[in-house]
K.L.:
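If you scroll down you'll find the structure; I have some questions about it.
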Amino acid sequence: MPISLPPLLHVGIIVEDFDRAVADYTNRWGVGMELITDLEFPAATLHGEEVGRSAHHGFIKTGASEIELIQPLKGRSPYTEFLDLHGEGVHHLAYVVEGIDQYVESLRAR
């Protein structure tokens, strides 16, 4: 039985150089950032170890969804691990659901 995907909120893309990536999207597609922010988590946990980390985030509107560009700044994080293992690329897809626990249970039931 095929799974019906909920609406796509955004595609998260890890980049090494935020400014270069923004310039590339602007030159190729004529789009600009709608929201740019730095997020810092001074006491985050990664693999059971407390680590501080921060990242630069920017969102490009693409109609019904967005592209999120993410450049890790400081500390170890899932983003730095992704870059080390895969280089730049798609890190995640974010979907809109009413309740994550119920949605995950419905997927398990299938």
Side-chain angles (χ1 to χ4, degrees):
M1 169 181 258
I3 296 172
S4 177
L5 291 174
L8 179 65
L9 180 64
H10 71 259
V11 176
I13 301 173
I14 305 296
V15 299
E16 291 183 16
D17 182 325
F18 186 85
D19 293 333
R20 180 182 47 80
V22 169
D24 185 50
Y25 275 83
T26 300
N27 291 335
R28 287 177 192 259
W29 311 110
V31 296
M33 290 284 128
E34 295 286 325
L35 171 67
I36 299 174
T37 188
D38 288 343
L39 294 178
E40 188 166 340
F41 300 93
T45 303
L46 181 66
H47 306 299
E49 179 184 337
E50 278 216 14
V51 295
R53 64 179 185 228
S54 64
H56 200 53
H57 297 258
F59 289 87
I60 301 168
K61 290 197 182 283
T62 61
S65 62
E66 297 176 317
I67 296 171
E68 177 188 23
L69 298 179
I70 307 162
Q71 177 190 344
L73 297 173
K74 296 179 190 169
R76 289 179 31 242
S77 70
Y79 305 143
T80 58
E81 289 184 348
F82 185 91
L83 271 175
D84 291 345
L85 289 171
H86 308 288
E88 295 184 318
V90 174
H91 178 261
H92 64 271
L93 304 176
Y95 292 97
V96 178
V97 297
E98 285 191 33
I100 188 68
D101 293 332
Q102 297 87 349
Y103 188 75
V104 169
E105 277 305 312
S106 73
L107 292 175
R108 286 186 178 126
R110 291 178 193 227

K.L.:
Are Val90 and Tyr79 co-members of a hydrophobic cluster defined by side-chain heavy atoms under 4.5 Å apart?
P.N.:
no
K.L.:
Any chance you could measure Leu46, atom CG, to Thr80, atom OG1, to the nearest 0.5 Å?
P.N.:
7.0 Å
K.L.:
Which heavy-atom pair separates Pro6 from Tyr95 by the least distance, and what is that distance?
P.N.:
O-CD2, 3.2 Å
K.L.:
Flag yes if Leu35 and Met33 sit in one hydrophobic cluster, no otherwise; membership is Ile, Leu, Val, Met, Phe, Trp, Tyr, and two members link when side-chain heavy atoms are under 4.5 Å apart.
P.N.:
no
K.L.:
How far does NE2 of His92 sit from CD1 of Ile13, to the nearest 0.5 angstrom?
P.N.:
9.5 Å
K.L.:
With clusters defined by side-chain heavy atoms of hydrophobic residues (ILVMFWY) lying less than 4.5 Å apart, directly or transitively, does Leu9 cluster with Ile36?
P.N.:
no
K.L.:
Applying side chain to side chain donor-acceptor pair (under 3.5 Å), which residue pairs with at least one partner in residues 11-22 are found, sequence neighbours left out?
P.N.:
Arg20-Glu88
K.L.:
Would you kindly confirm whether Val97 and Leu107 end up in one hydrophobic cluster when ILVMFWY residues are joined by side chain heavy atoms under 4.5 Å apart?
P.N.:
yes
K.L.:
Identify the heavy atoms of Leu83 and Pro72 that sit nearest to each other, and give their distance.
P.N.:
CD1-CG, 3.7 Å
K.L.:
Any side-chain heavy-atom pair from Leu93 and Leu8 closer than 4.5 angstrom?
P.N.:
yes
K.L.:
Can you name the residues that form a side chain to side chain donor-acceptor pair (under 3.5 Å) with Ser106, not counting sequence neighbours?
P.N.:
none
K.L.:
Considering non-hydrogen atoms only, spot the tightest contact between Ala21 and Leu69 and give its length.
P.N.:
CB-CD1, 4.0 Å
K.L.:
Search all heavy atoms of Ala55 against all heavy atoms of Ile70 and return the closest pair with its distance.
P.N.:
CB-CG2, 4.1 Å
K.L.:
When rounded to the nearest 0.5 angstrom, what distance separates OH in Tyr25 from CD1 in Ile67?
P.N.:
4.5 Å
K.L.:
Going by the side chain to side chain donor-acceptor pair (under 3.5 Å) test, which pairs reach into residues 31-40, not counting sequence neighbours?
P.N.:
Asp38-His56
K.L.:
About how many Å separate CZ of Phe82 and CD1 of Ile14, when rounded to the nearest 0.5 Å?
P.N.:
6.5 Å
K.L.:
Sequence neighbours excluded, which residues qualify as ring-ring contact (aromatic ring centres under 6.0 Å, His included) partners of Phe59?
P.N.:
His10
K.L.:
How would you list all residue pairs meeting salt bridge (Lys or Arg N to Asp or Glu O under 4.0 Å) that involve residues 58-73, not counting sequence neighbours?
P.N.:
Lys61-Glu66
K.L.:
Write out all pairs satisfying side chain to side chain donor-acceptor pair (under 3.5 Å) with one or both partners inside residues 41-53, taking only residues at least two apart or from two chains.
P.N.:
His47-Glu81, Glu49-Arg76
K.L.:
To the closest 0.5 Å, what do you measure between CG (Leu73) and CG (Leu39)?
P.N.:
9.5 Å
